[in-house]
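Only one structure is covered here, and it is reproduced in the block below.
Every number for a ligand or one of its atoms is a count from 1 in the order of the listing.
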Amino acid sequence: MAKESESHLKGRHVLLCVGGGIAAYKALELVRRLRDAGAEVQVAMTAGAQHFVTPLSFQALSGSPTRTSLWDSAAEASMGHIELARWADRIVIAPATADLLAKLANGFADDLVTTLCLATTAPISIAPAMNHRMWLHPATQANLATLRGRGVQVIGPEDGPLAEGESGPGRLSEPEDIVAGLLAANAATPATDNALKGLKVVVSAGPTYEDLDPVRYLGNRSSGKMGFAVAASARRRGAEVVLVAGPVHLPTPAGVKRVDVRSAAQMHEAVFAAFPADIYIGAAAVADYTPRAPAANKIKKSNESLALDLVRTPDILAEVAAQTQGLKLVVGFAAETENVAGYARGKLVAKRLDLIVANRVGVADGGFESDQNAMTAFWQDGERVFAPGPKTRLADELVDLIVERLDA
Ligand code: C5P
């Protein structure tokens, strides 16, 4: 990763804008990581950010005076704010607060950071961080959609514990992931062409929950992140996208039609209701078994052991692949703990798929709950190994491969 980072950020002018949130302390580490990758960094802070971290800390790490105000005549005399906006090859806003997103989406320029963002022609990347309810609020999501529509890169946020003792989506991405996101953006600015225009893509994502009784269920550790990233990527390539999502707390990608489901049976119904389609991507971790008859009331503990009577669920992917009518490409996923290639190729044939994407689960830093992944795609007479990295980048690369396989 370090080598790659050097090649893409070396000598680049990165203007880091720091917003006012507790995650501002992580932006200090980000400055170091950016400089380690060879970038020249200047920092601008909002007034709010200065309540959390001092300009001096950023100055010490960036090696340049930190900019804090539009009205600082000494700073303006050495490099005016328009000049600074022009100096930047890329602007990174981390942490980006809900307030900053709202201002940027609406073109405000009432302080230094917003003015810089309006005055620049450089690409902008934002790493949001905020309370999960603020993140999920329709106002914030609408602002994000506006910004994404203008080509702004959004990195994170992560799902997890938040400063206020709550948990949910809203944690600032780790500095190394922000750098990885910038590299991905620099290396291959995510394609926003129309390679999939006119095509309908149905994506399944996330786990399924199979109810045992009114309070308990059988579930799995799928986060849905990969499927959501693939849906977002296909949408950026011009496809009409329906995302059938199991129970996850992830924001809906811009422009994607989302159908929420809970069980394998519901997912089966929703997927087939979304057809006809041109491409099916089965990224969901569908339960293979479901209780034969969920109990109407809470199961009471009595005996020393309890046997569950489970029956097979429909194999959605195999059924989709069997009804090839109209479908141009069917893509499955295989999460394996061993013999990844062998099992994946077996499924490719058994389920009659066009493409299967395999990854190893049960290893550190990859698989189900992680934002990172390492995967290999197999098709009848070929395979492609994807370099390990963030799921968002892998999703873009997988959609590249899907576009290639459509033409093959
Ligand atoms: O055979 P296995 O469950 O490992 O295959 C995984 C692939 O099959 C995934 O793409 C998953 O979405 C799909 N699948 C399905 N319906 C099931 C089980 C798995 O669509 N009941």
**Request:** For R258, check salt bridge (Lys or Arg N to Asp or Glu O under 4.0 Å) against everything at least two apart and list the hits.
**Result:** D260
**Fill in**
Between the CG atom in L104 and the CD1 atom in I124, the distance rounded to the nearest 0.5 Å is 6.5 Å
**Fill in**
Sorted by chain and number, sequence neighbours left out, side chain to side chain donor-acceptor pair (under 3.5 Å) with S57 holds for T54
**Message:** Looking only at side-chain N and O atoms, does N143 offer a donor or acceptor that is under 3.5 Å from a partner on T140?
**Reply:** no
**Prompt:** Which pairs pass salt bridge (charged side-chain N to carboxylate O under 4.0 Å, His left out) with one or both residues in residues 288-311, sequence neighbours excluded?
**Reply:** R292-D309
**Asked** If you draw the axis of the six-membered ring of Y217, does the NZ or CZ of R262 fall within 45° of it and under 6.0 Å from the ring centre?
**Response** yes
**Prompt:** Measuring from each atom of ligand 1, which residues have a heavy atom under 4.0 Å away?
**Reply:** G282, A284, V286, A287, D288, T313, P314, D315, I316, L317, G332, F333, K347, K351
